[in-house]
Enquirer: 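Pasting in a structure now, in structure tokens, and then I'll have a few things to ask.
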Amino acid sequence: MEISFSKTQIKKVEADVLVVLVKDTKRRGVFGTLDKAMDGQLATLAAEEQFEAKQGQQLALSTLGALGARRLVLLGLGEDLPTELGEWIRVFAKAYRAAKGFSTTSLALTLSSSSGALLTECEGAMLGAMLAHYRFDQYKTKDDPTTSIESLELVLPSKTSTSLVESLESLKERTSFLVEGINTARDLVNEPPNVLYPVEMAARAKKMAKEVGLKCEILDEDKMRELGMNMFLAVGRGSAQPSRLIHLTYKPKGRRKKKKPVLALVGKGVTFDSGGLSLKPANFMLNMHADMGGAAAVFGAMRTIAQLKPSIEVHGYLAAAENMTGDAAYRVNDILHAYNGKTVEIHNTDAEGRLVLGDTLTYACENGADEVIDLATLTGACLVALGKETAAVMSNDDEMREAVEGAAKQSGESIWPLPLLEELRPTLKSPVADIKNIGGRYGGSITAALFLREFISDDVKWTHLDIAGPSFSDKDNDHIPKGGTGFGVATLVRYVLDRA
Ligand code: BES
Ligand code: MN
Ligand code: ZN
């Protein structure tokens with residue numbers, strides 16, 4: 001989708017569909033301008049259709065040649081105009097979806113904010129439209145008959161200064177880097193598990209790294225065995241597909257003025273989670289190809305980071321394995337020696353994410369990370385606690401957790417804190433080993449995080465995001481498509497930029 005800016009008069013904008021956001025249906029303002037161009041017909045029609053520009057109300061009509069645009073869609077904003085980026089993204093994603101169909105190939109959106117807020121509105125328009133534009137249709141052998149929007153014209157207020165237009169052009173480049181990162185993550189999540197297994201994920205990481213200039217190191221099973229990552233390796237033992245630990249590195253060029261922390265992003269990359277011998281029931285297994293949403297988010301974020309080139313060192317680790325039931329599968333009551341030396345008794349092979357992550361977190365700390373963020377589709381309990389659209393955030397450092405929350409808020413991603421309750425730590429006690437891999441019946445998201453904490457060095461700040469809900473969507477919703485959502489990419493990128 002090609003994006004351009006213009007200051008064209010609203011009635012002269014040429015497009016298949018023109019979407020205009022309206023606060024009210026008064027004669028002054030944009031509604032009045034349009035109504036005048038349409039000889040007062042718009043007000044009549046709006047009254048007939050009971051369109052009052054209330055929030056979320058839509059009025060779509062053919063302009064019958066009265067405007068440059070073939071069709072007009074009015075989108076009500078109501079009294080409270082959006083202020084935050086996330087709200088703008090949703091509004092413009094709705095605008096994009098309202099314009100889809102009607103053989104629309106060119107779309108124009110009008111922006112209305114005055115200079116101060118225009119950047120945020122414009123970023124929201126680009127993100128909203130581009131993210132809603134995403135489709136995963138490469139496995140459809142017949143083309144979808146609904147044509148796709150090829151050009152997007154953002155119509156700016158006529159008084160917008162030239163220098164502001166210039167900064168919008170650079171914003172456009174940065175925004176498209178972010179969208180590409182998010183859509184890359186979505187693609188990876190949507191790939192079926194017979195196509196995207198750990199070795200394939202490693203191959204794609206290598207290719208991506210080469211394209212954008214990252215270092216990429218792949219640890220195969222021999223290497224992991226040599227290092228002693230037995231907890232990670234156990235998860236993949238029941239699968240015909242060997243595991244991989246993928247390590248991406250971004251180092252800024254040139255010398256830095258002040259010393260900055262080394263950041264590590266760690267993602268759970270279980271390319272299919274059958275549950276292992278603690279097998280999932282059939283209906284719980286559906287969509288478990290998406291159990292690598294954390295790794296996908298780190299993959300996409302590293303890609304965007306390489307393009308945005310912040311002045312801070314960032315490592316990305318993807319812990320890729322397939323959890324199956326083959327004859328070499330790890331068992332319940334197995335005792336494993338983790339990479340950090342702790343012994344772990346397996347009580348449920350479906351609690352596999354924490355095992356691949358545990359060894360990977362140790363490795364990230366060992367490689368000199370000062371701050372670690374991990375993302376994982378870790379627990380069903382997280383969906384019970386916070387619903388489908390919100391990730392849980394837990395941390396060993398309140399200040400870092402607040403910084404991650406701030407980055408999420410700025411990105412329009414919903415995360416909410418859960419406490420790392422010490423009183424639940426005893427539920428991880430094993431009668432025979434140092435620790436077992438599941439807690440008790442309650443507080444499942446918290447005990448999973450407490451398990452991960454066992455593999456973080458004392459001097460390392462660590463924040464865990466349980467993205468089991470928001471990384472996959474059952475339905476199209478504003479800028480979020482059905483399937484892989486790319487959740488986490490925007491927050492990670494924002495956090496890294498904030499720390500640079
Ligand atoms: N991948 C699942 C968690 C999950 C469930 C993600 C639903 C997305 C949607 C994870 O590996 C898992 O199976 N967790 C178990 C842990 C339990 C055995 C302690 C769970 O949540 O039931
Ligand atoms: Mn599982
Ligand atoms: Zn899992």
Side-chain angles (χ1 to χ4, degrees), residues 189-190 193 196-198 201 231-232 234-239 241 243 266-297 318-325 329-334 344-358 360 374-392 394 418 424 427-430 435-452 464-474 482-485 487-488:
V189 172
N190 289 332
L196 193 85
Y197 39 86
M201 196 192 287
M231 199 163 63
F232 191 143
V235 173
R237 277 213 321 257
S239 168
Q241 297 295 346
S243 305
V266 176
K268 170 178 172 181
V270 174
T271 59
F272 188 73
D273 182 12
S274 71
L277 290 173
S278 311
L279 193 64
K280 285 181 186 295
N283 53 337
F284 282 73
M285 212 185 287
L286 189 68
N287 295 333
M288 276 302 138
H289 66 301
D291 208 18
M292 32 59 73
L318 321 182
E322 187 183 54
N323 189 21
M324 299 290 275
T325 58
Y330 76 131
R331 314 161 194 82
V332 165
N333 292 117
D334 276 359
V344 179
E345 187 191 10
I346 301 305
H347 276 222
N348 191 316
T349 63
D350 199 11
E352 84 296 340
R354 61 197 76 183
L355 304 177
V356 297
L357 284 173
T360 307
D374 80 74
L375 295 92
T377 48
L378 203 61
T379 64
C382 196
L383 282 112
V384 176
L386 298 176
K388 275 287 305 159
E389 282 163 35
T390 300
M394 285 160 267
L418 290 181
L424 290 178
T427 66
L428 289 172
K429 281 187 179 156
S430 157
I435 182 176
K436 63 181 164 73
N437 78 326
I438 58 170
R441 196 161 142 69
Y442 304 115
S445 301
I446 296 170
T447 52
L450 287 169
F451 182 91
L452 294 180
H464 159 64
L465 292 171
D466 192 331
I467 60 169
S471 92
F472 191 87
S473 176
D474 302 321
K482 195 178 166 92
T485 63
F487 187 93

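Owing to the predicted nature of the structure, the values given are computational and were not obtained by experimental measurement. When a ligand or atom number is given, it counts from 1 through the structure's own listing order.
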Enquirer: For A448 and R354, work out which heavy atoms get closest and say how close.
Expert: CB-NH2, 3.6 Å
Enquirer: Report the nearest protein non-hydrogen atom to atom 15 (C) of ligand 1: residue, atom name, distance rounded to 0.1 Å.
Expert: D350 O, 4.0 Å
Enquirer: What's the separation between atom CZ in F232 and atom CG in L357, rounded to the nearest 0.5 Å?
Expert: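 Between F232 CZ and L357 CG, I get 8.5 Å after rounding to 0.5 Å.
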Enquirer: Is the shortest N/O to N/O distance between K280 and ligand 1 below 3.5 Å?
Expert: yes
Enquirer: Quick check: are there more than 12 heavy atoms from other residues, nucleotides or ligands sitting under 6.0 Å from NZ of K388?
Expert: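 Counting other residues, nucleotides and ligands, NZ of K388 exceeds 12 neighbours.
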Enquirer: Within K268, is some N, O or S atom less than 2.8 Å away from the Zn ion (ligand 3)?
Expert: yes
Enquirer: I need the D466 CG to L378 CG distance, nearest 0.5 Å.
Expert: 5.0 Å
Enquirer: Working to the nearest 0.5 Å, report the span between NE2 of H347 and CG of D334.
Expert: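 If I round to the nearest 0.5 Å, the distance is 11.0 Å.
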Enquirer: What N/O/S atom of E352 is the closest to the Zn ion (ligand 3)?
Expert: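 Among the N, O or S atoms of E352, the one closest to the Zn ion (ligand 3) is OE2.
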Enquirer: Starting at CZ of F284, measure out to OG of S274 and round the result to the nearest 0.5 Å.
Expert: 14.5 Å
Enquirer: In Å and rounded to the nearest 0.5 Å, what is the CD1 to CG distance from I435 to L428?
Expert: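 If we round to the nearest 0.5 Å, I435:CD1 and L428:CG are 5.0 Å apart.
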Enquirer: Quick one: does atom 17 (C) of ligand 1 have a protein heavy atom under 4.0 Å from it?
Expert: no
Enquirer: What is the nearest protein non-hydrogen atom to atom 21 (O) of ligand 1, stated with its residue, atom name and distance?
Expert: G380 N, 2.7 Å
Enquirer: Among all protein heavy atoms, pick out the one at the shortest distance from atom 19 (C) of ligand 1; state its residue, atom name and that distance to 0.1 Å.
Expert: I438 CG2, 3.5 Å
Enquirer: Near A468, which atoms of ligand 1 are under 4.0 Å from a heavy atom of that residue?
Expert: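 Within the 4.0 Å cut-off of A468, ligand 1 contributes 6 (C), 8 (C).
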Enquirer: Please could you name the atoms of ligand 1 that T377 approaches to less than 4.0 Å, counting only its heavy atoms?
Expert: 1 (N), 2 (C), 3 (C), 6 (C)
Enquirer: Of the non-hydrogen atoms in A295 and L318, which two are nearest, and what is the gap between them?
Expert: O-CD2, 3.4 Å
Enquirer: Can you report which non-hydrogen protein atom sits closest to atom 7 (C) of ligand 1, along with the distance?
Expert: M288 CE, 3.6 Å
Enquirer: Give a yes or no on whether a salt bridge exists between R237 and E322, defined as a side-chain N under 4.0 angstrom from a carboxylate O.
Expert: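 Salt bridge between R237 and E322, a charged N being under 4.0 Å from a carboxylate O: no.
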Enquirer: Could you tell me whether K268 approaches ligand 1 through its side chain, its backbone, both or neither, with non-hydrogen atoms closer than 4.0 Å?
Expert: side chain
Enquirer: Can you name the N/O/S atom of D273 that is nearest the Mn ion (ligand 2)?
Expert: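 The closest N, O or S atom of D273 to the Mn ion (ligand 2) is OD2.
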Enquirer: Specify which N/O/S atom of D291 comes nearest to the Zn ion (ligand 3), by atom name.
Expert: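 Closest to the Zn ion (ligand 3) among those atoms: OD2.
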Enquirer: Can you sort out which atoms of ligand 1 are near E352, meaning under 4.0 Å from one of its heavy atoms?
Expert: 11 (O)
Enquirer: Would D273 count as a contact for the Zn ion (ligand 3), in the sense that one of its N, O or S atoms lies under 2.8 Å from it?
Expert: yes
Enquirer: Find, among atoms of E352 that are N, O or S, the one nearest to the Mn ion (ligand 2), and state its name.
Expert: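 Atom name of the closest N, O or S in E352: OE1.
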Enquirer: For atom 14 (N) of ligand 1, grab the closest protein heavy atom and report residue, atom and distance to one decimal in Å.
Expert: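 Here the nearest protein heavy atom works out to L378 O, 3.5 Å.
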Enquirer: If every non-hydrogen atom of A321 is compared with every non-hydrogen atom of V356, which pair is closest and at what distance?
Expert: CB-CG1, 4.1 Å
Enquirer: What residue and atom, counting heavy atoms only, is the protein's closest point to atom 2 (C) of ligand 1, and at what distance?
Expert: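 Heavy-atom neighbour on the protein nearest atom 2 (C) of ligand 1: D273 OD2, 3.6 Å.
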Enquirer: By number and element, which atoms of ligand 1 are closer than 4.0 Å to a non-hydrogen atom of N348?
Expert: 18 (C)
Enquirer: Answer yes when D474 and K482 have at least one side-chain N-carboxylate O distance shorter than 4.0 Å, and no when they do not.
Expert: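 Between K482 and D474 there is no salt bridge, as every charged N stays at least 4.0 Å from the carboxylate O atoms.
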Enquirer: Output the distance between atom CD (E345) and atom CG (N437), rounded to the nearest 0.5 Å.
Expert: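 Going from CD on E345 over to CG on N437, the span is 8.5 Å.
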